[in-house]
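A quick write-up on the structure given underneath.
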Amino acid sequence: MKRLIYNDLKKWKESKDRKPLMLLGARQVGKTWIMKHFGENEYKNVAYVNCDADPRMQEVFSIDYDIDRILLTLQAITGINIEKGETLIIFDEIQETARGLHSLKYFYENAPEYHVMVAGSLLGVTLGRGESFPVGKVDMLQMYPMTFEEFVEATSGPRWAEILWSKDWSLMEAMQTKFIELLRQYYYVGGMPEVVAAYVKNKDLAEVRTLQTAILNAYRNDISKHTNATESMRIGLVLSSLPSQLAKENKKFIYGCIKKGARASEFELAIQWLVDAGLVHKVNRIKEAKIPLKFYEDMSAFKLFLLDCGLLACMADVPADQMLLSNNVFVEFKGAFTEQYVLQQMKACHMKPYYWSNDKTPAEIDFVVQHEGRVIPIEVKAETNVRSKSLAQFVKDNEGLKGMRISMRGYIDQGWMENIPLYGISAM
């Protein structure tokens, strides 16, 4: 399957200032596959080791950081002759090896001619706990589930994906029946590569749910394995509350939805664990739509989204017929899946979304992003009925802004606002 991150990996390889690359992302988003696939295509050979599965790796960095010794050890373990610039060295699950992360500093300083990639399913959690990290000595890339465009290419071929990238709005609108059908499928299947591959091969909806359930269970097992009983319970409660949180008209995260009487002090660390693990995305509120948005961030109010819309549908146990055979997925569930979908695509494009709301009125802007020197307020609509006063008033109150609406309607530029069809979000 084609992954857009491949182009970023090529830029990394070709960079004159290349450093060891750290690939971050949740379990099962395809990190191991893309590293091996890239290595097989772009290098003479690949020296791959899984630091968790191979007990010999526990000793590799414990003696010292002598790169010549480490390379000889890797050759003995992998059976690969490691050549400068010709071999891709991959340390998978590097957080499971003592001093493994810190060794990257010495690869950068003493052996920059060797190409090194590392990844780990809970690498973000490891970094969040303040473990020794080679600051300024590594490049970093975040990997997410497959985007809608990647899903379209995997299920229908590259020509359909090319239409989405073309910005030919009239052509997209002519093909909208096909794209809306694929969008329904994406809401149900999601973007986890293993699930998408099985769906493409077998078109078995029951298998899709079985695989998604297995992924969610693996996440819960990770939580139990890497936290104590109290932390594990709290993290699990936050995760389980997400479907009900997102099904509310106002999707601001409410601690009381976790359990009666829940307080921020109990669950802040649990939420941060999920963020660090890449399992949820936290979207904070802003008080004003001015550059830089970060200056106006309100950390006390936020929304939480799951990493993947298919996993959200699995958690919510939404019947397949409601998602694939009718418009219910768009008009029901209070737009939960549509807002989740839009957020997911923006994160994959490396955008940092916020949202805006007013404590004195019900007015809310679903997302606000800072892009190419301007602030863009974004309203998300799950259907063709797009009447709403919030975006128009927000643009009126903030002189110089141009709004964006993402809905089931076709493209239109009304001067103060552009409407982008949901299926054409990659061209925004």
Side-chain angles (χ1 to χ4, degrees), residues 1-61 65-97 99-124 126-127 133-134 136-144 146 150 193-194 197 278 350:
M1 290 184 292
K2 185 176 180 180
R3 299 301 305 268
L4 298 178
I5 198 173
Y6 195 97
N7 293 328
D8 294 321
L9 298 181
K10 288 184 74 172
K11 291 177 183 176
W12 168 78
K13 181 190 176 187
E14 295 162 4
S15 172
K16 294 179 181 179
D17 301 318
R18 185 193 59 259
K19 304 171 185 176
L21 178 65
M22 184 177 292
L23 199 57
L24 299 172
R27 177 194 287 274
Q28 300 276 2
V29 297
K31 299 186 300 298
T32 299
W33 180 86
I34 195 65
M35 290 190 299
K36 288 182 174 180
H37 180 66
F38 181 75
E40 290 164 0
N41 286 348
E42 304 294 335
Y43 290 85
K44 182 178 176 180
N45 48 37
V46 179
Y48 172 87
V49 287
N50 186 313
C51 299
D52 187 32
D54 194 325
R56 294 172 295 181
M57 289 302 299
Q58 299 304 319
E59 307 298 326
V60 171
F61 307 108
Y65 295 116
D66 183 278
I67 298 299
D68 290 335
R69 181 192 60 78
I70 292 171
L71 291 173
L72 282 172
T73 306
L74 290 177
Q75 288 190 46
I77 290 174
T78 64
I80 299 295
N81 181 31
I82 299 175
E83 303 175 60
K84 299 175 181 178
E86 299 291 337
T87 303
L88 178 61
I89 301 168
I90 300 175
F91 296 114
D92 208 354
E93 300 296 346
I94 192 172
Q95 79 282 353
E96 300 296 337
T97 299
R99 309 209 308 172
L101 281 173
H102 197 61
S103 74
L104 300 179
K105 171 184 176 182
Y106 298 93
F107 272 101
Y108 171 66
E109 292 179 345
N110 301 332
E113 63 275 19
Y114 289 96
H115 295 209
V116 181
M117 278 189 192
V118 306
S121 55
L122 290 177
L123 192 49
T126 302
L127 300 180
F133 178 68
K137 310 297 182 181
V138 296
D139 293 320
M140 301 177 73
L141 274 179
Q142 188 81 34
M143 192 169 183
Y144 300 99
M146 296 173 70
E150 291 171 325
E194 180 189 10
H350 307 295

(message) Let's go through Val60 and Ile70 carefully: what are the C-alpha distance in whole Å and the side-chain angles of both, what is the deciding distance for side-chain contact (heavy atoms from CB on, under 4.5 Å) to 0.1 Å, and is it a yes or a no?
(response) CA-CA 6 Å; Val60 171; Ile70 292 171; 4.0 Å; yes
(request) List for me each residue that meets salt bridge (Lys or Arg N to Asp or Glu O under 4.0 Å) alongside Lys11, sequence neighbours excluded, and say none if there are none. (result) none
(request) Give a yes or no on whether the backbone of Gly25 and the side-chain of Lys31 come within a donor-acceptor separation of less than 3.5 Å. (result) yes
(message) Go through it in stages, so that I can follow the logic: the residues are Tyr108 and Val138, the test is side-chain contact (heavy atoms from CB on, under 4.5 Å), and I'd like the CA-CA distance, side-chain angles, deciding distance and then a yes or no.
(response) CA-CA 8 Å; Tyr108 171 66; Val138 296; over 6 Å; no
(message) So, taking the atom named OG1 in Thr32 and the one named CG in Leu23, what distance separates them when rounded to the nearest 0.5 Å?
(response) 9.0 Å
(message) When you measure from the side chain of Glu93 to the backbone of Ser121, do you find a donor-acceptor pair of N or O atoms at a distance under 3.5 Å?
(response) yes
(message) I'd like to check the salt bridge (Lys or Arg N to Asp or Glu O under 4.0 Å) partners of Glu42; sequence neighbours left out, ordered by chain and number.
(response) none
(request) Would you check if the distance from the ring center of His102 to the ring center of Phe61 is below 6.0 Å? (result) no
(message) Tell me whether the rings of Tyr43 and Phe38 are parallel (<30°), tilted (30 to 60°) or perpendicular (>60°).
(response) perpendicular
(message) Under a 4.0 Å threshold between the charged nitrogen and the carboxylate oxygen, would Lys84 count as salt-bridged to Glu113?
(response) yes
(request) With the side chain counted from C-beta on, respond yes when His37 and Arg3 share a heavy-atom pair under 4.5 Å apart, and no when they do not. (result) no
(message) Using only atom types and a distance under 3.5 Å, with no angle test, would you say the side chain of Gln58 pairs donor to acceptor with the backbone of Cys51?
(response) yes
(message) If you define the side chain from C-beta out and look only at heavy atoms, does anything of Leu88 sit under 4.5 Å from His115?
(response) yes
(request) Answer yes or no for Lys105 and Tyr65: cation-pi contact, defined as NZ/CZ to six-membered ring centre under 6.0 Å and angle to ring axis within 45°. (result) no
(request) Give, for atom OG1 of Thr97 and atom CZ of Arg56, the distance between the pair rounded to the nearest 0.5 Å. (result) 12.5 Å
(message) List the residues meeting side-chain hydrogen bond (donor to acceptor under 3.5 Å, both in side chains) with Asn45, not counting sequence neighbours, and say none if there are none.
(response) Thr87
(message) Quick one: does any side-chain atom of Trp12 pair with a main-chain N or O of Lys19 as donor and acceptor, under 3.5 Å?
(response) yes
(request) Measure the CD1-CE distance between Ile89 and Met35 for me, rounded to the nearest 0.5 Å. (result) 13.0 Å
(request) Start with the C-alpha gap between Gln75 and Ile82, add the side-chain angles, then the distance that decides, and say whether side-chain contact (heavy atoms from CB on, under 4.5 Å) holds. (result) CA-CA 7 Å; Gln75 288 190 46; Ile82 299 175; 3.8 Å; yes
(request) Check whether any side-chain heavy atom of Leu123 lies under 4.5 Å from a side-chain heavy atom of Leu101, and answer yes or no. (result) yes
(request) Mark yes or no for whether Glu150, through its side chain, and Leu4, through its backbone, hold a donor-acceptor pair below 3.5 Å. (result) yes
